[in-house]
Amino acid sequence: MRDDAPSQTARGVAAHRLNYERLEAPYGDPAADEALTRDVASGLRRGPDSPRHEYLRARTAFFDRVVVSSIERRVRQVVVGAAGYDGRAFRYARPGVRWFEVDHPATQGDKLARIARLGLGTSHITFVAADFAADPVADLLAAAGLDTRRAALFLLEGVAVYLEQPVLERVLREFRSVTVAGSPLAISVSSGNAPSADRERFRAVVAA
């Protein structure tokens, strides 16, 4: 992605998600999520014939479950790192839950323009523009109103593989610095370069 261009990878993920059944919850606005996703995916075609389709289906289902289960355990803050065009802040909106979407300014700006055009309500979402490779994420989250004395759920879906290890480690340290012990983290990682035995153990744990 160019520094001045929205993420085409994030658009592709949105196109895939139009084909998935999503976890239901007794709150939220799935129609708003779907409206945003359709707008983002307009002109793109992604279906079962794509080699990433089933992987993204499983990843989407996993993160949906993490969000819903955390909210049901009374976590009232959700931080979505590298949010892209993720619409969970709409789909799983619940009174009393505050969402913080952290993303590169180019992608976030495009998302906000689409949200405004669609007339979607964002009073429960705080948008934090940040480049993980350069910006002080912890300071930006604290300035945006994240309550550092309360638990928060942190999501890093589909971004870790694109970050150099020192950058990823710094981002995780910064997340840890603005929350309390026991706050959950959900992250997708790649095991492609690990020994086969380690990959199999990893897959078994994920499957469980």
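Because the structure is a prediction, the values reported are computed rather than measured.
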| Taking only residues at least two apart or on different chains, which pairs with a member in residues 134-153 satisfy ring-ring contact (aromatic ring centres under 6.0 Å, His included)? | none

| note | Asp33 meets the side chain to side chain donor-acceptor pair (under 3.5 Å) criterion, sequence neighbours left out, with Thr37, Arg91

| query | Who passes side-chain contact (heavy atoms from CB on, under 4.5 Å) against Arg57, sequence neighbours left out? | reply | Tyr20, His53, Glu54

| request: Please test Glu101 against Lys111 for salt bridge (charged side-chain N to carboxylate O under 4.0 Å, His left out), starting from the C-alpha separation and ending with a verdict. | output: CA-CA 11 Å; Glu101 292 202 0; Lys111 182 177 186 176; 2.6 Å; yes

| task | Check for a donor-acceptor pair, side chain of Arg76 on one end and backbone N or O of Pro95 on the other, with a separation under 3.5 Å. | result | no

| query | How would you list all residue pairs meeting salt bridge (Lys or Arg N to Asp or Glu O under 4.0 Å) that involve residues 140-153, not counting sequence neighbours? | reply | Asp147-Arg149

| request: Sequence neighbours left out, what passes side chain to side chain donor-acceptor pair (under 3.5 Å) with Arg117? Give chain and number order. | output: Asp39

| query | Ignoring hydrogens and geometry, is there a side-chain-to-backbone donor-acceptor pair from Gln108 to Val102 under 3.5 Å? | reply | no

| said: What I'd like to find out is whether the side chain of Leu185 reaches to under 4.5 Å of the side chain of Leu172, using heavy atoms alone. | reply: yes

| message | Using 0.5 Å steps for rounding, measure from the OH atom of Tyr55 to the NE2 atom of His16. | response | 11.5 Å

| request: Without swapping roles, check the side chain of Arg38 against the backbone of Ala41 for a donor-acceptor pair under 3.5 Å. | output: no

| said: Quick check: closest heavy atoms across Ala130 and Leu140, and the distance to 0.1 Å? | reply: CB-CD1, 3.7 Å

| request: Take Leu168 and Ile187 through the test side-chain contact (heavy atoms from CB on, under 4.5 Å) and record every step on the way to the result. | output: CA-CA 11 Å; Leu168 176 60; Ile187 182 172; 4.2 Å; yes

| Between Thr107 and Tyr85, does a side-chain contact (heavy atoms from CB on, under 4.5 Å) hold up when you go through it step by step? | CA-CA 8 Å; Thr107 301; Tyr85 298 101; 4.0 Å; yes

| Within residues 151-160 or reaching into it, pairs that qualify as side chain to side chain donor-acceptor pair (under 3.5 Å) - sequence neighbours excluded | Arg17-Glu157, Arg59-Glu157, Arg88-Glu157

| Which heavy atom in Ala129 sits nearest to a heavy atom in Pro105, and how many Å separate them? | CB-CG, 4.1 Å

| message | Under the ring-ring contact (aromatic ring centres under 6.0 Å, His included) definition, can you give me all pairs with a residue in residues 132-162, not counting sequence neighbours? | response | Phe154-Phe175

| Side chains of Tyr27 and Val68 in contact at under 4.5 Å (non-hydrogen atoms) | yes

| Could you walk me through whether Phe127 and Ile115 pass the side-chain contact (heavy atoms from CB on, under 4.5 Å) check? | CA-CA 12 Å; Phe127 295 93; Ile115 288 172; 4.1 Å; yes

| task | For Asp135, enumerate each residue passing the side chain to side chain donor-acceptor pair (under 3.5 Å) test, keeping only those at least two apart in sequence or located in another chain. | result | none

| Residues in side chain to side chain donor-acceptor pair (under 3.5 Å) with Arg98, at least two apart? | Thr126

| request: Taking the side chain as every heavy atom from C-beta outward, state whether Phe63 and Val80 have any atom pair closer than 4.5 Å. | output: no

| query | Of all heavy-atom pairs between Ala15 and Leu44, which one has the smallest distance, and what is that distance? | reply | CB-CB, 4.1 Å

| message | I'd like to check the side-chain contact (heavy atoms from CB on, under 4.5 Å) partners of Val66; sequence neighbours left out, ordered by chain and number. | response | Phe62, Ser70, Leu153, Leu155, Ala186

| Can you hop from Leu23 to Val97 via hydrophobic side chains spaced under 4.5 Å? | yes

| In Å, rounded to the nearest 0.5 Å, how long is the span from CG of Leu18 to OG of Ser42? | 10.0 Å

| note | Closest non-hydrogen contact found for Ala32 with Phe90 is CB-CB, 3.9 Å

| note | In short, Val137 meets Glu174 closest at the heavy-atom pair N-OE1, 2.8 Å

| Between Ile125 and Ala89, which heavy-atom pair has the shortest distance, and what is it? | CD1-CB, 3.5 Å

| task | First locate atom NE2 of His124, then atom CG of Asp29, and finally report the distance between them rounded to the nearest 0.5 Å. | result | 8.5 Å

| query | Does Glu169 have any side-chain contact (heavy atoms from CB on, under 4.5 Å) partners at least two apart in sequence or in another chain, and if so, which? | reply | Gln165, Arg173

